[in-house]
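See structure below.
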Amino acid sequence: MALRQLRSTLKIAKQTQVLSSVNAISNRYFSFGEDKFHGSKNRSSETKEKLRQSKWTFPLGICITAVGAGALFTWLKDDHRYFSTVSAAQRFDGTGNGSGGIRQNFNFVADIVEKVAPTVVSLHTAEVSGGYQVISAASGFIVSSDGLIVTNAHAVYNKPTIEVELLDGRRFEGKVETIDQRTDLATVRIPAGNLPVLKLGSSDTLRPGEWVISIGSPAGLSNSVSCGVVSTVGRKSAELRLGSKEMEYIQTDAPINQGNSGGPLVNLDGEAVGVNSMKLLHGISFAIPSNIVKEFLEDPGKPHVSTPKRDKSQARHIGITCLSMTPYLRSEIERHFGFTIKAKQGVYIVDVHALSPAMRAGLKGGDVIVAVNNTPINSTDQLYESTIDNSVLFATIVRGDSRIVLKIDLD
């Protein structure tokens, strides 16, 4: 802005200087001419000689004035005006022209969602627990036009009723065909045909920083969209203290909230590169790579339930996703979830896996394990080590204001 004002001031000064110069020349020669032509007849011979020599002065002054005025007019006529001109904004006409061009040309997320959304389904499950009917929501996506849907195993395990809702509003009763505890994958079949299909891409080509889109039904709100980037590829399950230590996950900051489980993680080509699986904290979520999904679908007629190893030289499977309790983690959980954690040390349980010893023992997400077999623990490593030589754990749990002990029979 300051540079533009300085330039304008210099232009005005230059214009003023040109006008002053032309005016000075004109006044000089006009006054000289008038003095010569209207002066006294009784001038000396020297004065008359000067008058004779300057007979072309007046016409020359007129010519110089005309040329200067023409040049100044041309200079002002082009782009050297006192005030700059501003083109009026164009109305968006939906054709990509005018002010709507950027919105029309760079809304790549909306274009992908429009393509993928018809393949994403909402799953509504119901079960009776403690005399009450519990209704849950999850997600899935269609991988075969004859009604085959991929979702998470923990979303449909032991659910007597599964209702599948498509984007167009149609609802079907779903039947679980296959389920795999190791990969946390399952397939559900609905009696429908000619359905849109979401293509499975290659998760091996993903790179950290690549844009991805998560589509699902958080809190039962169907076809909710969020996006982010790939934080890490090949995050080992051992780092998350999961039972299947050979598994790898895609870590992303795209929000995967409760109800998003089973929905697709999509790349910018509109291909599913993962199945949304779990969330640890805000900005830290995980998806099952699409290449693992392809292996799971190769033999859909065979149940893929695997039995955990019973080798005492290795840690046994507990079946929880957990984090070591730190002051920072404690403050973040209290800030995001709005409740106070009474335990100052221990292992915070983020999620309890289906078909796991932890689920059978009654552990819940949000519990804090503060001791195992009467020995205080402060980290996930200590919990991990306690399972190596023990087939039974007596875990001291802090749940809200209560402190309880649960027996965990390890596989």
Side-chain angles (χ1 to χ4, degrees), residues 108-109 112-113 115-117 119-121 138-143 149-155 180-187 198-218 223-298 304 306 319-323 350-351 353-354 380:
F108 54 89
V109 173
I112 296 169
V113 171
K115 172 185 175 182
V116 172
T119 68
V120 182
V121 302
S139 307
F141 58 95
I142 304 169
V143 293
I149 297 168
V150 166
T151 186
N152 284 143
H154 73 260
D180 186 355
Q181 176 191 2
R182 180 182 64 86
T183 59
D184 192 27
L185 291 172
T187 56
L198 181 55
K199 180 182 177 181
L200 289 171
S202 175
S203 55
D204 288 343
T205 61
L206 279 178
R207 299 175 298 166
E210 185 172 340
W211 281 97
V212 286
I213 304 167
S214 173
I215 307 178
S217 305
N223 275 276
S224 296
V225 179
S226 60
C227 63
V229 298
V230 175
S231 303
T232 302
V233 294
R235 176 70 72 190
K236 301 291 185 180
S237 57
E239 299 180 61
L240 305 176
R241 299 294 182 258
L242 299 178
S244 301
K245 297 178 178 55
E246 68 276 13
M247 279 284 291
E248 294 183 349
Y249 294 90
I250 301 168
Q251 181 179 330
T252 177
D253 66 352
I256 299 177
N257 301 310
Q258 185 177 4
N260 269 36
S261 296
L265 190 69
V266 182
N267 63 15
L268 295 188
D269 291 328
E271 301 171 336
V273 292
V275 178
N276 299 330
S277 181
M278 56 185 168
K279 168 185 173 182
L280 288 184
L281 291 173
H282 180 71
I284 305 178
S285 300
F286 297 92
I288 303 168
S290 58
N291 286 358
I292 295 179
V293 180
K294 292 177 181 178
E295 295 176 2
F296 170 69
L297 293 175
E298 283 180 359
H304 289 261
S306 59
I320 59 174
T321 304
C322 56
L323 294 171
V350 178
D351 188 30
H353 307 157
T380 55

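Keep in mind that the numbers below use all heavy atoms, side chains included, and drop hydrogens, waters and symmetry copies.
Here the closest heavy-atom approach between residue Val229 and residue Asp253 is recorded as N-OD1, 2.7 Å. The two residues Val120 and Pro264 make their nearest non-hydrogen contact at CG2-CG, 3.8 Å. Shown here for Leu200 and Leu297, the closest heavy-atom pair between the two residues is CD1-CD1, 3.9 Å. When all heavy atoms are compared, the tightest approach of Val273 to Val212 is CG2-CG1, 4.5 Å. Scanning all heavy atoms of the two residues, the minimum distance from Gly263 to Ser139 falls at N-CB, 3.6 Å. Residues Ala153 and Ala186 approach most closely at CA-CB, 3.8 Å, considering heavy atoms.
Considering CG of Asp180 and CG of Asn152, their distance stands at 11.5 Å, rounded to 0.5 Å. With rounding to the nearest 0.5 angstrom, the CG atom of Leu198 is 10.0 Å from the OG atom of Ser290. Atom CG of Asn276 and atom CZ of Phe286 lie 12.5 Å apart (nearest 0.5 Å). Taken from CD1 in Ile292 to CG in Asp184, the straight-line distance is 11.0 Å, to the nearest 0.5 Å. To the nearest 0.5 Å, atoms CZ (Arg207) and OG1 (Thr232) are separated by 14.5 Å. For the atom pair CH2 (Trp211) and CG (Asn267), the distance works out to 14.0 Å, reported to the nearest 0.5 Å.
With Ser277 as the fixed residue, the side-chain contact (heavy atoms from CB on, under 4.5 Å) test singles out one of Leu265, Ile288, Asp351, Thr183: Ile288.
When the salt bridge (Lys or Arg N to Asp or Glu O under 4.0 Å) test is applied to Lys199, the partners found at least two apart in sequence or on another chain are Glu271.
With Ser203 contributing its side chain and Asn291 its backbone, the two residues share a donor-acceptor pair below 3.5 Å.
Using a 4.5 Å cut-off on side-chain heavy atoms (C-beta onward), Thr187 and Phe296 make contact.
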